[in-house]
2 protein chains.
Amino acid sequence: MNSKSNSATISNVAAHAGVSIATVSRVLNGTTPVQADKAERVKRAIAELNFVPRPAARTLASRKTNTIGLVFSEIRGAFFPHLLKGIEAQLHEAGYELLVYSTHSDRPIKRKPIGEHNTDGLLVFTTSLDKEEIARLYRINFPIVLMHETPPAGMDIPVITVENKDGAVMLVDHLITHGRRRIVFLRGPDGHEDSQWRERGYREALAAHDIPFDETLVSSGEFDQETAYQSLKKLIHNGVDFDAVFAGDDDAAIGVYRALKEANRLIPDDVAVVGFDDVDFAGYISPPLTTVRAPIEEVGREAVRQLLSLLNGEQAQSLVLKRTELVIRESCGCLNNS
Amino acid sequence: MNSKSNSATISNVAAHAGVSIATVSRVLNGTTPVQADKAERVKRAIAELNFVPRPAARTLASRKTNTIGLVFSEIRGAFFPHLLKGIEAQLHEAGYELLVYSTHSDRPIKRKPIGEHNTDGLLVFTTSLDKEEIARLYRINFPIVLMHETPPAGMDIPVITVENKDGAVMLVDHLITHGRRRIVFLRGPDGHEDSQWRERGYREALAAHDIPFDETLVSSGEFDQETAYQSLKKLIHNGVDFDAVFAGDDDAAIGVYRALKEANRLIPDDVAVVGFDDVDFAGYISPPLTTVRAPIEEVGREAVRQLLSLLNGEQAQSLVLKRTELVIRESCGCLNNS
DNA sequence: ATATACTTTGAAAACGCTTTCAGAAAGCGT
DNA sequence: ACGCTTTCTGAAAGCGTTTTCAAAGTATAT
């Protein structure tokens, strides 16, 4: 069928240039100096024969795959493309290939199809890889970098994430400063670290203003529009009193908007709403959403940088926290009140 | 550093099970029947030694990489994740790996780093690979499937795309039916086939209602928010008379919204606006955008299916057109008028 | 029994590179 | 000129599989 088989190999090049294959390999990789004229002949032969070294053969001989793997569990609409973009760009600059794998919950595979034998290192997003697999890779000294998740206790694996807590503090503090006191918080998925940190920020901001934490104001948002919608609807139905909502993330904020509109509560006049992430649509919904910008593309780039350090045998930073930034738009109401 | 090197190989397994490596290979791949008891011993040995065959060695020996490549040029925010999701899911179901490569315009590489030697086949999105490279791959009989782009003349390469023209016709026809006559069209990027077909649909719909095509109503949108904003601003500034805008795609529609709001023209009362794609935010901007749903995840899945056919030596369909679907929301104004 | 045809099996040859090792060539100091 | 480094270079040994080939073992048909 396809004729990959007939293309030139290193021996063809060697023969054509009148040198040994070792020499060809050397000009190919620049591992050892080669006489100028021979190098020239080899280069010409490579060009004429249109020779491209087979990655598989290289990998087998050198034990390096020259590719790194990206593992993630969900392609969250607005979030993921930015992460991928950062990773892709930074990685290809360094000459590595990118193998992508998504571990959907419904895929009951034992052996992970991505790991030591087909990559030189792994980029792991949130909880896409279970603790045991991470531990196993760590034990065999396989380079990994985690994004938005801390490693299991005792393992020194680099982590890149954003200032979730700071972001949440800024948001909630902003709301309080502008007169809101009863602020609903919608939690993200269980075990999601981003959510845990955001809740911590929420609590700290309240405490800083001497507002007692009120469990009835906390509900489940799951970083998901529909869940947030249902949760808020229930709060309203139960007659819970609140004048603001920190939705957990921007997706959930959409659900909050819907519930509020249905209940004829005005945003921001009756209820201020804030999200998290500053996804693409945040500025275009109505009213434009006040949120926190998470530099997710930069998280991707940084993760690659750290992984490359590891691959080069250098020391990597064990934790890189990317700054978040408050983006004030209209849903918090401060543009009118203040 | 890392100890991939010390893990079990096929010979270890063979020794442990008391058979030859050929036999191990056979139970591994099921290529030839093996006596039940021996097979059992081999399986146990594999489990005990925790043996995983090295992909590189397999590839070298069998000349199959068991991975396919995805080439694209841009990670369009709202569009791309769905495509990737479809591809990823379908591909891993079939046991293939996914290698991802983005050909940014500013990357001046000669040899494409993705192709015959590191993949068994390629999925190509729009114009991410130039004609020559496609022609070269076609010539060596390398399996490719194109998404949203027709192959160069004379090459029978499968194409998966959506009913762009039909979608555009539905959209424009809908506008006309509801009384709009002077409809602006914002073109996508030069050479982008989606855009060309949408324009064709735009023209056909006009013709069907005996509305003459008016070049002054056509401008450049580039499927980009900012460009669309600028173009529309200029149209307004030039005093061009129009009562509707077909923005080319949803991203451009955002720019149109902005320009219109700035000019104090009401959507849909003064100007109806429609987009294309039905990206995630389309239902949440204000007013909610009337658009056409493009089943992009399904395009990804279908592309994989066709590529797998090719890989299995079967005949693939040369063209698969996925149906588009009109999604009527509020920006077209029909919910009030009709 | 005997010739004939399957089944199973292992030895060994690829697959296309990198890398080690030792030797040849060249440069240098005396 | 003569050793002693220092550079280059090629032969050959892997890397870990798949696959071909022929032999050995079994069953079937005469």
Side-chain angles (χ1 to χ4, degrees), chain A residues 2-43 45-46 49-67 97 115-120, chain B residues 2-43 45-46 49-67 97 115-120:
Chain A
N2 87 57
S3 49
K4 333 178 184 187
S5 22
N6 61 19
S7 54
T9 75
I10 198 173
S11 353
N12 299 328
V13 174
H16 195 279
V19 299
S20 73
I21 63 169
T23 299
V24 176
S25 174
R26 289 192 263 257
V27 346
L28 229 38
N29 302 297
T31 40
T32 298
V34 167
Q35 263 184 12
D37 60 323
K38 285 195 180 170
E40 199 41 56
R41 284 202 328 261
V42 169
K43 279 181 194 156
I46 289 176
L49 298 180
N50 227 297
F51 167 70
V52 180
R54 310 285 176 288
R58 288 188 130 166
T59 297
L60 189 56
S62 67
R63 315 177 124 283
K64 310 184 86 290
T65 64
N66 202 41
T67 106
E97 301 298 331
E116 329 99 81
H117 21 276
N118 53 2
T119 57
D120 292 341
Chain B
N2 87 56
S3 50
K4 336 179 181 182
S5 22
N6 62 16
S7 56
T9 74
I10 198 173
S11 350
N12 298 330
V13 174
H16 196 278
V19 298
S20 73
I21 62 169
T23 298
V24 177
S25 175
R26 289 192 264 257
V27 345
L28 229 36
N29 302 295
T31 40
T32 299
V34 166
Q35 264 184 13
D37 61 323
K38 285 194 180 169
E40 198 43 55
R41 288 209 316 270
V42 168
K43 280 181 194 154
I46 289 176
L49 298 180
N50 227 296
F51 167 69
V52 181
R54 309 284 177 289
R58 288 188 130 166
T59 297
L60 188 56
S62 67
R63 316 180 123 281
K64 309 184 86 290
T65 64
N66 202 41
T67 107
E97 301 298 331
E116 328 99 80
H117 20 276
N118 53 1
T119 57
D120 292 341

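Computed from a predicted structure; not experimentally measured.
To the nearest 0.5 Å, atoms CG (B:N118) and OG1 (A:T59) are separated by 10.0 Å.
Distance, A:R54 CZ to D:dT18 P: 19 Å, rounded to whole Å. Between the CD1 atom of A:I10 and the C1' atom of D:dA12 there is a distance of 14 Å, rounded to whole Å. Whole-Å rounding puts the A:L28 CG to C:dT19 C1' distance at 14 Å. One can place NE2 of B:H117 at 19 Å from P of C:dC15, the figure rounded to the nearest angstrom. The distance between atom CD1 of A:I46 and atom P of C:dC17, rounded to the nearest whole Å, is 10 Å. Protein atom CZ of A:F51 is 8 Å distant from nucleotide atom C1' of C:dG16, rounded to whole Å. With rounding to whole Å, A:K64 atom NZ is found 16 Å from D:dG16 atom P.
Comparing C:dT18, C:dG16, D:dT17 against the side chain of A:S25 picks out C:dT18 as the nearest. Side-chain atoms of B:R58 lie closest to D:dT17 of the nucleotides C:dT18, C:dG10, D:dT17.
When atom types are taken as modelled, the side chain of B:D120 and the backbone of B:T65 share a donor-acceptor pair closer than 3.5 angstrom.
Among the heavy atoms of the strands, none lies under 4.0 Å from A:T59. At the heavy-atom level, B:S11 lies nowhere under 4.0 Å from the strands shown. Residue B:P33 is classed as a sugar-phosphate contact, given heavy-atom separations below 4.0 Å to backbone atoms only. Counting any heavy atom pair closer than 4.0 Å across all strands shown, B:T23 reaches sugar-phosphate atoms only and no base atom.
Annotation: side chain of B:R58 is not in contact with side chain of B:N66 (no heavy-atom distance under 4.5 Å). By the 4.5 Å heavy-atom criterion applied to side chains, A:V34 and A:V42 are not counted as neighbours. Taking the side chain as every heavy atom from C-beta outward, A:R54 and A:T9 approach each other to under 4.5 Å. In this structure the side chain of A:K43 never reaches within 4.5 angstrom of the side chain of A:L28, judged on heavy atoms.
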Taking only N/O atoms, report every protein-nucleotides 13-15 of chain D pair under 3.5 Å with atom names and distance.
{"unit_1": "D:dC15", "atom_1": "O3'", "unit_2": "A:R63", "atom_2": "NH2", "d": "3.2"}
{"unit_1": "D:dC15", "atom_1": "O2", "unit_2": "A:A61", "atom_2": "N", "d": "3.4"}

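Closest approach of B:I10 and B:S25 over heavy atoms only: CD1-N, 3.9 Å.
Both distances falling under 3.5 Å, in either a Watson-Crick or a G-U wobble arrangement, place D:dG3 opposite C:dC28.
Look at B:K38 and you won't find any side-chain N or O under 4.0 angstrom from OP1 or OP2 of C:dT8.
Both A:Q35 and A:R26 lie near DNA chain C, and the one whose nearest nucleotide falls closer to the 5' end is A:R26.
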